[in-house]
Amino acid sequence: MKMAALPHILLFLAALFFASSSSVLAQNNTQLIYQTCKQTNYSDLCVSSLESDPRSSTADLSIYAKIIVELSLSNATDTYSYSYKLSSNQTIDDEVLKMCLYDCLQVYDIGINNLRQSLIYLDLKEYIQVIRLLGVAQKQGEQCDQFFENPPVPKPRSPLTRRNEVFEQLCSIAIVIVKLLG
């Protein structure tokens, strides 16, 4: 009878070991996330972004960089789509607003292409190229806002300001994490 219980006890001990080791690993990754994000200017956004991605629970800095660059790309793509929808809206009769939105589409197109390239260079561990591309992409959000500050006639209010800010912050976080890699 005691021999029959031995496999069950061993199985239970193995399960207990793996559960506790995965808990320790998750704790270590949480610490790595906080240590990494503390070095950025936007630590709250960094932490929430990394913690929202299931890959970060077992990740290292290179995966963190990939996660943030992918989030930046997703944000830029979403902002591009939103800008396109607004600029195509037939009920908006403000031509200056449409012109500013069209200009934002052009700069976000550049940003999206740079982010896609940065993901390729990130996989190749070409960190200097990644930082350069992220820096160019980051400036696109700022440039979009500038179109609304300096239009040819009275300025419209930018419907993209908050989106641009988040985009710039995500790129900034990505730059810091990539610098930590190389």
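Numbers here simply count residues along the sequence, with the first being 1.
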Quick check: do [X] and [Y] have side-chain heavy atoms less than 4.5 Å from each other?
X      : Y      : answer
Asp78  : Arg163 : yes
Phe148 : Val96  : no
Leu73  : Thr77  : yes
Pro159 : Leu101 : yes
Leu105 : Asp109 : no

Partners passing side chain to side chain contact (heavy atoms under 4.5 Å, CB included) against [X] (at least two apart in sequence or in another chain):
X     : result
Ser62 : Asp60, Leu181
Ser81 : none
Ser88 : Tyr84

Between [X] and [Y], what is the shortest heavy-atom contact and its length?
X      : Y      : value
Tyr42  : Ser172 : CE1-OG, 3.7 Å
Leu122 : Ala65  : CD2-C, 3.9 Å
Cys37  : Ser43  : O-CB, 3.2 Å
Leu32  : Ala59  : CD2-O, 4.0 Å
Pro54  : Ser57  : O-OG, 3.0 Å

Any residue meeting disulfide bond (SG atoms under 2.5 Å apart) with Cys171, in chain and number order, not counting sequence neighbours: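 Cys171: no disulfide bond (SG atoms under 2.5 Å apart) contacts found.
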
Quick one: list whatever passes side-chain hydrogen bond (donor to acceptor under 3.5 Å, both in side chains) with Tyr102, sequence neighbours left out.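 If we apply the side-chain hydrogen bond (donor to acceptor under 3.5 Å, both in side chains) test to Tyr102, skipping adjacent residues, the hits are Gln106.
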
Any chance you could measure [X], atom [atom1], to [Y], atom [atom2], to the nearest 0.5 Å?
X      : Y      : atom1 : atom2 : result
Gln169 : Ser72  : CD    : OG    : 10.5 Å
Arg157 : Cys100 : CZ    : SG    : 14.0 Å
Leu61  : Ile33  : CG    : CD1   : 10.5 Å
Asp145 : Ser158 : CG    : OG    : 5.0 Å
Thr40  : Ile68  : OG1   : CD1   : 8.5 Å
Ser74  : Ile112 : OG    : CD1   : 10.0 Å

State, without any angle test, whether Tyr108 and Asn164 hold a side-chain donor-acceptor pair at a distance under 3.5 Å.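 Note: Tyr108 and Asn164 side chains meet the donor-acceptor criterion.
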
Write out all pairs satisfying salt bridge (Lys or Arg N to Asp or Glu O under 4.0 Å) with one or both partners inside [range], taking only residues at least two apart or from two chains.
range            : answer
residues 112-127 : Lys66-Asp123
residues 40-58   : Asp53-Arg55, Arg55-Glu70
residues 80-89   : none
residues 95-107  : none

May I have the step-by-step check of side chain to side chain contact (heavy atoms under 4.5 Å, CB included) for Ser49 and Ile67, ending in yes or no? CA-CA 8 Å; Ser49 297; Ile67 290 168; 5.8 Å; no

Grouping I, L, V, M, F, W and Y whenever their side-chain heavy atoms are under 4.5 Å apart, do Ile110 and Leu115 come out in a common cluster?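 No, because Ile110 and Leu115 fall into different hydrophobic clusters, even though each may have its own neighbours under 4.5 Å.
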
Do the side chains of Leu119 and Ile173 join up, straight or via other hydrophobic residues, at under 4.5 Å, putting them in one cluster?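 Yes, one cluster joins them.
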
Checking Arg162 now: which residues fulfil salt bridge (charged side-chain N to carboxylate O under 4.0 Å, His left out) with it, not counting sequence neighbours?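 Arg162 satisfies salt bridge (charged side-chain N to carboxylate O under 4.0 Å, His left out) with Glu165 only.
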
Under the salt bridge (charged side-chain N to carboxylate O under 4.0 Å, His left out) test, which residues partner Asp94, sequence neighbours left out?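 None.
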
Counting only heavy atoms not in Tyr121 (residues, nucleotides, ligands), do more than 12 fall under 6.0 Å from its OH?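 At most 12 heavy atoms, drawn from other residues, nucleotides or ligands, come within 6.0 Å of this atom.
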
Before you tell me yes or no, could you show the steps for Tyr64 and Cys46 under side chain to side chain contact (heavy atoms under 4.5 Å, CB included), namely the whole-Å CA-CA distance, both residues' side-chain angles and the distance that decides it to 0.1 Å? CA-CA 10 Å; Tyr64 292 169; Cys46 178; over 6 Å; no

Check: residues 127-139 side-chain donor-acceptor pairs under 3.5 Å, at least two apart:
unit_1: Gln129; atom_1: OE1; unit_2: Arg132; atom_2: NE; d: 3.1
unit_1: Gln138; atom_1: NE2; unit_2: Glu168; atom_2: O; d: 3.2

